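Note that the structure is a prediction, hence the values are computed from the model and not measured. Letters A, B, ... are given to chains in the order of the sequence lines, protein chains preceding strands, and every chain is numbered from 1.
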Amino acid sequence: MAKIAPLSGFPELLPEQRVVEREIIASLSRTFELHGFANIETRVVEPIDRLAKGGEIDKEIYVLQRLAADADSKAELGMHFDLTVPFRATSPEHAGKLEFPFRRFQIQPAWRGERPQEGRYRQFTQADIDIVGRDTLGFHHDVEVVRVMVEALGALPLPPLSFRVNNRKLIRGFYRGLGIADVTTAIKVIDKLDKLPAETVAAQLVEQAGATPEQAEQCLRLATIRVADTSFVEKVRALGVEDEVLDTGPEELAAVIAGCASATSARVTVEANLRIARGLDYYTGTVLEVFMAGYERLKSVGGGGRYDALASDGKTTYPGVGVSFGVSRTLIPLIADGVLDGSRKVPSAVLVAVTDEADRDASTAVATALRKSGVACELSADAAKFGKQIRAAERRGIPFVWFTRADGSHRVKDIRSGEQVEADPSTRTPPAADLRPQVIKKENQ
RNA sequence: GUGGGUAUAGCUCAGCUGGUAGAGCGCCGCCUUGUGGUGGCGGAUGUCGUGGGUUCAAGUCCCGUUACUCACCCCA
């Protein structure tokens with residue numbers, strides 16, 4: 001794997017790599033906007049007590065403090081570790097000026113002080129969509145938000161992705177109907193099924209969640225259900241467990257699976273996967289994780305779900321549902337592996353050659369004409385031999401070199417094909433595909 | 001936070017039991033007379049991460065340190 005981070009956990013992209021990130025962010029933004037999501041950017045810091053919730057993640061919060069702060073003063077500001085928690089926490093703050101249900105997308109970096117690894121960074125960019133309601137939020141938004149992310153990711157040049165969806169009401173109801181003592185712990189234990197062997201998980205269900213061996217066995221049976229359609233409903237019913245919430249859970253999950261079906265493709269699949277639980281405790285209904293083929297080692301590249309009561313100002317609660325996509329987690333490994341790259345290091349589509357330093361103005365005039373028609377271009381840095389100027393263009397990935405001759409005539413050369421033709425700077429424009437840097441995807445890497 | 005590994009040219013790395021640094025790629029020049037890519041010939045580049053120790057002699061051995069990296073934990 002190529003090295004991208006000179007400062008561990010704080011990756012920096014080179015210009016052509018940044019092309020990949022920018023184009024992908026632009027594509028995501030377009031899809032989100034097509035669905036009416038407004039963009040916001042929130043402050044990077046929050047008062048620590050709004051971020052810290054007593055969980056594991058608290059230890060990873062970076063704090064922000066003046067260098068000249070008193071030695072005994074306590075830091076008050078922490079940098080956000082994701083985009084959802086601060087968004088939900090601050091929604092009540094702007095509630096008077098927002099229209100509910102409020103739908104927004106947000107693409108920003110977040111910070112976590114953990115040990116960096118492939119796909120895990122101390123600074124990373126996330127793309128989030130959420131819909132937040134006031135007091136109530138219709139369930140159909142669960143379907144909507146998942147579907148929007150399916151469409152958004154389906155439009156990207158990535159390896160195949162799979163959305164694995166579950167519903168907390170389904171598993172909670174099932175566990176409760178079974179009579180398991182500690183349902184919350186049982187969910188957390190089941191979540192480890194991908195890492196630990198089934199027997200170990202069963203043993204932990206008995207030890208930690210107060211389940212009987214028979215109940216643990218039933219939990220595992222539920223967790224192995226995994227289908228790409230709504231047939232899971234029958235499979236759950238066949239296990240013969242009864243509980244009042246166990247009716248709505250499967251219904252909701254079935255609605256999400258059915259609602260996304262027409263947006264799936266070879267590139268993005270959506271399945272009901274009853275072992276998906278998610279470690280975070282604020283999810284109340286829909287939960288999902290996204291995985292990328294060939295990159296299972298990264299764990300999920302996205303995730304989200306429904307949370308009914310994360311934000312509240314005392315009188316009003318703000319239920320929401322959202323999905324986030326790990327832009328850095330996904331792209332940096334793909335770039336490092338050579339699967340994705342930018343088509344060039346510079347925005348310029350044309351390098352205007354300089355014949356003679358005394359004649360640089362002639363080249364400037366050509367560049368000005370090209371820019372008037374929206375063609376990004378730059379002048380050669382010096383009036384070196386044409387061979388060198390062409391080579392300079394080639395190294396930057398600039399597809400065209402423009403030559404101006406003493407008699408005022410012009411020629412433009414496509415340096416990929418070597419083809420060179422007469423051209424007029426005021427009317428000539430490169431093919432659309434060459435106007436902007438593109439994301440190049442290499443297969444079989 | 002816990003436990004491993006690595007650190008030599010711009011990049012990827014070699015350097016055996018200590019004897020005053022090397023390859024490939026890249027870069028620069030020439031063949032090529034202002035139009036690159038292939039080919040041939042030639043050339044430049046290193047405080048061998050850093051501080052100390054052992055030794056006549058350290059890239060090589062020992063200790064410290066820093067950085068990077070992998071796994072666990074957790075997650076995007």
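Straight-line distance between the P atoms of B:U54 and B:U60: roughly 15 Å, to the nearest whole Å. On the P atoms, B:G4 is 24 Å away from B:C13, given to the nearest whole Å. If you take atom C1' in B:G15 and the same atom in B:G19, they sit 14 Å apart, rounded to whole Å. Here, B:U32 and B:G24 have their P atoms 26 Å apart, quoted to the whole Å. A gap of 13 Å separates the P atoms of B:G10 and B:U50, to the nearest Å. Taking atom C1' in both B:C61 and B:A71, one finds a spacing of 29 Å when rounded to whole Å. For the C1' atom pair drawn from B:C48 and B:C41, the interatomic distance equals 31 Å after rounding to whole Å. Between the C1' atoms of B:A9 and B:G49, the separation comes to 15 Å (whole Å).
Rounded to whole Å, the distance from CD on A:E114 to C1' on B:C72 is 13 Å. Computed from coordinates, the A:Y121 OH to B:U69 C1' distance equals 13 Å when rounded to whole Å. One atom, CD1 of A:I415, and another, P of B:G36, lie 12 Å apart when rounded to the nearest Å. Rounded to an integer number of Å, the gap from CZ of A:R395 to P of B:G37 is 11 Å. Look at CZ on A:F10: it is 14 Å from C1' on B:A67, rounded to the nearest Å. Spacing between atom NZ of A:K388 and atom P of B:C28 amounts to 8 Å, rounded to whole angstrom units. Atoms CZ (A:R405) and P (B:G34) sit 15 Å apart, rounded to a whole Å. Taking atom CD of residue A:E21 and atom C1' of nucleotide B:A76, one finds them 13 Å apart after rounding to whole Å.
A:R391 comes within contact range of the sugar-phosphate backbone alone, with a heavy-atom separation under 4.0 Å but no base atom that close. Looking at heavy-atom distances under 4.0 Å, A:Q126 makes contact with sugar-phosphate atoms alone, never a base. Residue A:F81 is classed as having no contact, given no heavy-atom separation below 4.0 Å to the nucleic acid. Using a 4.0 Å heavy-atom criterion, one finds that A:T330 contacts no nucleic acid atom at all.
Two residues, A:S417 and A:S324, neighbour RNA chain B, and the one matched to the more 5' nucleotide by heavy-atom proximity is A:S417. Each of A:R416 and A:G326 lies near RNA chain B, and the nucleotide nearest A:R416 is the one positioned closer to the 5' end.
Across every strand in view, B:G46 sits unpaired, with no contact that passes the Watson-Crick or G-U test at under 3.5 angstrom. B:U2: Watson-Crick or G-U partner is B:A71, with both key distances under 3.5 Å. Using N1 to N3 plus N6-O4 or O6-N4 for Watson-Crick, or N1-O2 and O6-N3 for G-U wobble, each under 3.5 Å, B:C30 pairs with B:G40. The partner of B:G24 is B:C11, judged by Watson-Crick or G-U wobble contacts that both fall below 3.5 Å.
Taking the centre of each ring, A:F81 and A:Y62 stay at or above the 6.0 Å mark. Less than 6.0 angstrom separates the ring centroid of A:F386 from the ring centroid of A:F403.
Contact detail for A:C377 and A:R371: the closest heavy-atom pair is O-NH2, 3.0 Å. Shown here for A:P430 and A:V375, the closest heavy-atom pair between the two residues is CD-CG2, 3.6 Å.
Between A:Q117 and B:U69, a side-chain N or O to OP1/OP2 separation shorter than 4.0 Å is absent. In terms of phosphate contacts, A:K385 brings a side-chain nitrogen or oxygen within less than 4.0 Å of OP1 or OP2 of B:U33. Proximity of A:T125 to the phosphate of B:A76: no side-chain N or O atom is located under 4.0 Å from OP1 or OP2.
Between A:F291 and A:S300 the shortest side-chain heavy-atom distance falls below 4.5 Å.
In the model, A:E271 has no side-chain atom that pairs as donor or acceptor with a side-chain atom of A:S162 under 3.5 Å. Looking at A:Q106 and A:D128, their side chains never bring a donor and an acceptor atom within 3.5 Å of each other.
Picking from B:A76, B:U35, B:U2 the nucleotide with the shortest atom distance to the side chain of A:I390 gives B:U35. For A:A383, taking side-chain heavy atoms from C-beta onward, the closest of the listed nucleotides B:G34, B:A71, B:A76 is B:G34.
At a cut-off of 3.5 angstrom, the base of B:G36 holds at least one donor-acceptor pair with the side chain of A:E394. Side-chain atoms of A:Q389 stay outside donor-acceptor range of the base of B:U35, with no qualifying N/O pair under 3.5 Å. Under 3.5 Å, the side chain of A:E118 and the base of B:A71 form no donor-acceptor pair of N or O atoms.
The number of heavy-atom neighbours closer than 6.0 Å to CZ of A:R360, taken from other residues, nucleotides and ligands shown, is above 12.
Look at A:F386 and the base of B:G36; the rings do not stack under the cut-offs of 5.5 Å between centres and 30° between planes.
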